[in-house]
Amino acid sequence: MSVLSRTEFRAMVGQELGLSDWIEVSQQRIDEFARCTEDMQYIHTDPSRAAESPFGTTIAHGFLTLSLLSKMVLDMPQVAGTTMAVNYGMNRMRFISPVPSGARIRGRFTLKSVEEIRPGEIQTTTDVVVEIEGKDKPALVAEWLGRRYFGDNS
């Protein structure tokens, strides 16, 4: 993973920041997410019953796929001097295709904008596409907002 200066980072607006590593979405991961969120719908947790569904197998929760963005973004270039980075929200987000149990996904990140909120704080808007290995259609597309804070207020 590379480290960019703030100037280099701002110059990346309109460009792809990169691709994350692949992440396997195992049935165990889906089951753990189901327990954590108390979303035990059979299409996620019951392989026998899900086999009879239109999906033909269990699928990841959309919110599990969304949550994995936090891991994926760790593979993107970091910004020197960042003391804290937080989620600020989504302008748009859509679940395009289901992620079957056992599939691998990765994030493709494009920096859309960087704006200064106040000295030492910027807001980023990043277009994200979560790809499913071997599939034409993505699992998820989003416009993700983040805030970064810097210790030197410049």
Side-chain angles (χ1 to χ4, degrees), residues 1-30 32-34 36-37 39 41 43-44 54-154:
M1 154 184 42
S2 62
V3 178
L4 303 175
S5 71
R6 282 182 253 179
T7 301
E8 291 170 324
F9 184 67
R10 286 178 190 273
M12 295 286 302
V13 169
Q15 297 179 51
E16 185 175 288
L17 291 170
L19 282 168
S20 72
D21 290 337
W22 290 105
I23 300 170
E24 183 181 352
V25 184
S26 66
Q27 187 61 51
Q28 179 181 347
R29 186 180 291 239
I30 294 168
E32 289 171 357
F33 189 84
C36 178
T37 60
D39 180 353
Q41 188 176 168
I43 60 172
H44 306 303
F55 306 115
T57 186
T58 53
I59 59 170
H61 304 71
F63 286 131
L64 169 55
T65 304
L66 180 66
S67 295
L68 288 170
L69 291 179
S70 294
K71 169 150 178 43
M72 293 174 193
V73 78
L74 295 176
D75 295 330
M76 296 306 102
Q78 301 302 303
V79 182
T82 301
T83 57
M84 180 174 58
V86 298
N87 291 317
Y88 193 64
M90 300 282 173
N91 282 338
R92 290 188 298 270
M93 193 277 305
R94 295 288 183 268
F95 300 115
I96 306 299
S97 298
V99 176
S101 173
R104 293 190 334 152
I105 60 174
R106 69 179 176 187
R108 182 179 298 274
F109 297 82
T110 302
L111 186 61
K112 190 170 184 176
S113 69
V114 176
E115 71 177 279
E116 185 172 352
I117 302 301
R118 61 184 62 85
E121 180 181 355
I122 61 171
Q123 180 169 301
T124 59
T125 304
T126 305
D127 286 331
V128 181
V129 177
V130 175
E131 301 173 348
I132 306 169
E133 188 174 38
K135 304 285 184 181
D136 292 333
K137 292 171 88 175
L140 175 153
V141 294
E143 187 177 86
W144 189 10
L145 304 176
R147 294 271 172 109
R148 290 181 182 269
Y149 300 87
F150 302 92
D152 62 8
N153 293 332
S154 61

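Values reported hereafter were calculated over all heavy atoms of this structure, with side chains retained and with hydrogens, waters and symmetry mates removed.
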Which donor-acceptor pairs under 3.5 Å do the side chains of residues 59-81 make with protein atoms, sequence neighbours left out?
residue	atom	partner	partner atom	Å
His61	NE2	Asp39	O	3.0
Ser67	OG	Phe63	O	2.8
Asp75	OD2	Asp21	N	2.8
Gln78	NE2	Met76	O	2.8

For a quick test of your reading: what N or O donor-acceptor pairs under 3.5 Å do the side chains of residues 91-101 make, sequence neighbours left out?
residue	atom	partner	partner atom	Å
Asn91	ND2	Glu143	OE1	2.6
Arg92	NH2	Glu143	OE2	3.1
Ser97	OG	Pro138	O	3.2
Ser101	OG	Gln27	N	3.4
Ser101	OG	Gln27	OE1	3.2

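Atom-to-atom distance recorded for Phe9:CZ and Arg148:CZ is 5.0 Å, nearest 0.5 angstrom. Taking CE from Met84 and CZ from Arg147, the interatomic distance works out to 10.5 Å, rounded to the nearest 0.5 Å. Leu17 CG to Leu4 CG: the interatomic distance, rounded to the nearest 0.5 Å, is 8.0 Å. One finds the OG1 atom of Thr126 at 9.5 Å from the CE atom of Met90 (value rounded to the nearest 0.5 Å). For the atom pair OG1 of Thr82 and CZ of Phe150, the computed distance is 4.0 Å after rounding to the nearest 0.5 Å. Summarising the geometry, atom CG belonging to Leu145 is positioned 7.5 Å from atom OG1 belonging to Thr124; distances are rounded to the nearest 0.5 Å.
Between Asp127 and Phe109 there is no side-chain heavy-atom pair separated by less than 4.5 Å. A heavy-atom distance below 4.5 Å is not found between the side chains of Arg6 and Ile122.
The ring-ring contact (aromatic ring centres under 6.0 Å, His included) contacts involving residues 68-94 comprise nothing, where partners must be two or more places apart or lie in separate chains. Pairs of residues two or more places apart, or lying in two chains, never qualify as salt bridge (Lys or Arg N to Asp or Glu O under 4.0 Å) while including a residue from residues 55-69. Among residues at least two apart or in separate chains, side-chain hydrogen bond (donor to acceptor under 3.5 Å, both in side chains) pairs with a member in residues 9-20 are Glu16-Arg108.
When all heavy atoms are compared, the tightest approach of Trp22 to Glu131 is CZ3-O, 3.9 Å.
Shown here are the side chain to side chain donor-acceptor pair (under 3.5 Å) partners of Ser5, two or more places apart in sequence or in another chain: Glu8.
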